[in-house]
Amino acid sequence: MLARAKVNLYLHVTGKRADGYHLLDSLIVFAETGDEIAVEAASDLTLTIDGPFGAGLDAGPANLVLRAASGLRDLTGAKQGAAIHLQKNLPIASGIGGGSADAAATLLALIDLWQVTPDRAALYQLAEKLGADVPVCLDGNPSFVGGIGEDIQPAGKLPPAHILLVNPLVETPTPAVFKARRGDFSPASRWAQAPKTAQELAAFLASRKNDLTAPAIIVAPVVADVLSAIAETKNCLLSRLSGSGATCFGIYADAATADAARQQINAQFPKWWAVAAKIAG
């Protein structure tokens, strides 16, 4: 099962709770690329990991995949186990929801394997306990997200568009990025009607922003280089940071243009990670 990369097309920090958590307004979409989760029937719950970014990942009980599996088994009373395999294709801590997407894909894969039908509200409560981004990854559709991630509203059908994801393989830890943030809060800025073309989508996003861009650049100055490199690719409609980074993205009207941009980035910056994909939904 594909654990699709999560992308924040815009991200406004709208406030801060008394407990220190920041309130957000964001448009989240998913790219048709990501990690892979495979499950097989077994007597116990086990996890194996490989893939380009699998080295060094802990496959023990603290892993979000196994926590999701254990939580689902407790929720449903399932007696079965599962041999779970994670192919880690996305960079670690990269602002595109890799761990959250893995947990959500694990829940969906095991619901199918175990033939269980958990209560929807209880399932989403479990997802929220696993992480703020897990519920929207479980939903898997273009969504406006508010609160600390628990308020999910459908964004409607998006126009056909493609995305280039680029990561310089430098981590920008989310707590450090938020700590470096300065300035006022931003308003929620959702659309009344979904755009009809990739160009209209980019125009809508151009009047929004990612409030974490400046602090991410403070934490990792190379982020500014990535944004500039994407913006300089041919027919790029928008260049922006996703989440707290360090993954940045470009939006393109078609697959050929997005892949040409990927090839350009690969040629100019061979040590960076770059993938082109369709935006789902």
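A single hydrophobic cluster is not seen to contain both F30 and L158; linkage of ILVMFWY side chains at heavy-atom distances under 4.5 Å, directly or through other members, places them apart. Tracing side-chain contacts under 4.5 Å through hydrophobic residues (I, L, V, M, F, W, Y), one never reaches V226 starting from I218; they form parts of separate clusters. Hydrophobic clustering (ILVMFWY, side-chain heavy atoms < 4.5 Å, transitive): L126 and V136 are in distinct clusters. V7 and I152 fall into different hydrophobic clusters, where Ile, Leu, Val, Met, Phe, Trp and Tyr are joined by side-chain heavy atoms under 4.5 Å apart, directly or via other members. Both L237 and L201 sit in one connected hydrophobic cluster of ILVMFWY residues. Membership requires side-chain heavy atoms under 4.5 Å apart, directly or through other members.
Y10 is linked by a ring-ring contact (aromatic ring centres under 6.0 Å, His included) to H12, counting only residues two or more places apart in sequence or in another chain. For K209, the salt bridge (charged side-chain N to carboxylate O under 4.0 Å, His left out) criterion is met by D211, not counting sequence neighbours. Partners of E200 by salt bridge (charged side-chain N to carboxylate O under 4.0 Å, His left out), not counting sequence neighbours: none found. Partners of W272 by ring-ring contact (aromatic ring centres under 6.0 Å, His included), not counting sequence neighbours, listed by chain and number: F269. Partners of F178 under the ring-ring contact (aromatic ring centres under 6.0 Å, His included) rule, at least two apart in sequence or in another chain, are H22. Residues meeting the salt bridge (charged side-chain N to carboxylate O under 4.0 Å, His left out) test with R240, sequence neighbours left out: none.
Without hydrogens or angle criteria, T247 side chain to S94 main chain gives a donor-acceptor distance under 3.5 Å. Using modelled atom types, one side-chain atom of D25 and one backbone atom of S189 make a donor-acceptor pair closer than 3.5 Å. Side-chain atoms of S239 never come within 3.5 Å of backbone atoms of G250 as a donor-acceptor pair (strictly under, hydrogens ignored). Side chain of S70 to main chain of R67: no donor-acceptor pair is present (N/O by atom type, distance under 3.5 Å, no hydrogens or angles). Checked by atom type and distance alone, the side chain of W114 never pairs as donor or acceptor with a backbone atom of A109 at under 3.5 Å. Without hydrogens or angle criteria, T174 side chain to S244 main chain gives no donor-acceptor distance under 3.5 Å. Between the side chain of T106 and the backbone N or O of A68 there is no donor-acceptor pair closer than 3.5 Å. In terms of modelled atom types and a separation under 3.5 Å, the side chain of R182 and the main chain of K179 share a donor-acceptor contact. Between the side chain of E150 and the backbone N or O of I148 there is at least one donor-acceptor pair closer than 3.5 Å.
The shortest heavy-atom contact between E32 and A280 is OE2-CB, 3.3 Å. Heavy atoms only, all atoms of each residue included: N167 and A246 are closest at ND2-C, 3.6 Å. Listed here is the closest heavy atom pair of T233 and I230: OG1-O, 2.6 Å. The two residues P142 and G156 make their nearest non-hydrogen contact at CB-O, 3.9 Å. Scanning all heavy atoms of the two residues, the minimum distance from A155 to L27 falls at CB-CD1, 3.7 Å. Scanning all heavy atoms of the two residues, the minimum distance from L165 to A31 falls at CD1-CB, 4.4 Å.
In this structure, T213 and L227 have side chains that are in contact, with non-hydrogen atoms separated by less than 4.5 Å. Within the 4.5 Å cutoff, side-chain heavy atoms of V13 are placed close to those of L212. Side-chain contact between N141 and V29: absent, with no pair of heavy atoms (C-beta onward) separated by less than 4.5 Å. Here the side chains of S186 and T14 are not in contact, with every heavy-atom distance at 4.5 Å or above. Using a 4.5 Å heavy-atom threshold, the side chains of P159 and K196 count as separate. The closest side-chain heavy-atom distance from R262 to I265 is not below 4.5 Å. A heavy-atom distance below 4.5 Å is found between the side chains of N89 and E36. Side-chain contact between F249 and I251 is present, with at least one heavy-atom pair separated by less than 4.5 Å.
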E128 and V134: CA distance, side-chain angles, deciding distance, side chain to side chain contact (heavy atoms under 4.5 Å, CB included) verdict: CA-CA 6 Å; E128 188 176 338; V134 179; over 6 Å; no
Could you go through L57 and I92, starting from their C-alpha distance and side-chain angles, then the distance that decides it, and tell me whether this counts as side chain to side chain contact (heavy atoms under 4.5 Å, CB included)? CA-CA 9 Å; L57 284 182; I92 308 297; 3.8 Å; yes
For V145 and L24, what are the C-alpha separation, side-chain angles and deciding distance, and is it a side chain to side chain contact (heavy atoms under 4.5 Å, CB included)? CA-CA 7 Å; V145 174; L24 308 175; over 6 Å; no
Does the pair L9 and F204 meet the rule for a side chain to side chain contact (heavy atoms under 4.5 Å, CB included), with working shown? CA-CA 10 Å; L9 292 186; F204 166 83; over 6 Å; no
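Tested against D35, the residues L86, I49, V65, L2 include a single side chain to side chain contact (heavy atoms under 4.5 Å, CB included) partner, L86.
Side-chain polar atoms of N266 and Q264 form no donor-acceptor pair below 3.5 angstrom. Checked by atom type, the side-chain pair S26/N8 shows a donor-acceptor distance below 3.5 Å. With no hydrogens or angles considered, no side-chain donor-acceptor pair links D133 and S100 at under 3.5 Å. Inspection of the D254 and T257 side chains reveals an N or O donor paired with an N or O acceptor under 3.5 Å.
R4 contributes atom CZ, which lies 13.5 Å from atom CD1 of I96 (distance to the nearest 0.5 angstrom). Considering CG of L108 and CG of L138, their distance stands at 5.0 Å, rounded to 0.5 Å. From T33, atom OG1 reaches atom CD1 of I163 across 11.0 Å, with rounding to the nearest 0.5 Å. Considering CG of L90 and CH2 of W273, their distance stands at 5.0 Å, rounded to 0.5 Å. To the nearest 0.5 Å, atom CG of residue L107 and atom CG of residue D112 are 13.0 Å apart. Distance CG/L75 to NZ/K129: 9.0 Å, rounded to 0.5 Å.
The neighbour count for D58 CG, taken as heavy atoms of other residues, nucleotides or ligands under 6.0 Å away, is above 12. For R17, the CZ atom sits in a packed shell: over 12 heavy atoms of surrounding residues, nucleotides or ligands are nearer than 6.0 Å. By the 6.0 Å contact criterion, CZ on F185 is enclosed, its count of non-hydrogen atoms from other residues, nucleotides or ligands being greater than 12.
The existence of a salt bridge linking K88 and D102 is confirmed by a sub-4.0 Å separation between a basic side-chain nitrogen and an acidic carboxylate oxygen.
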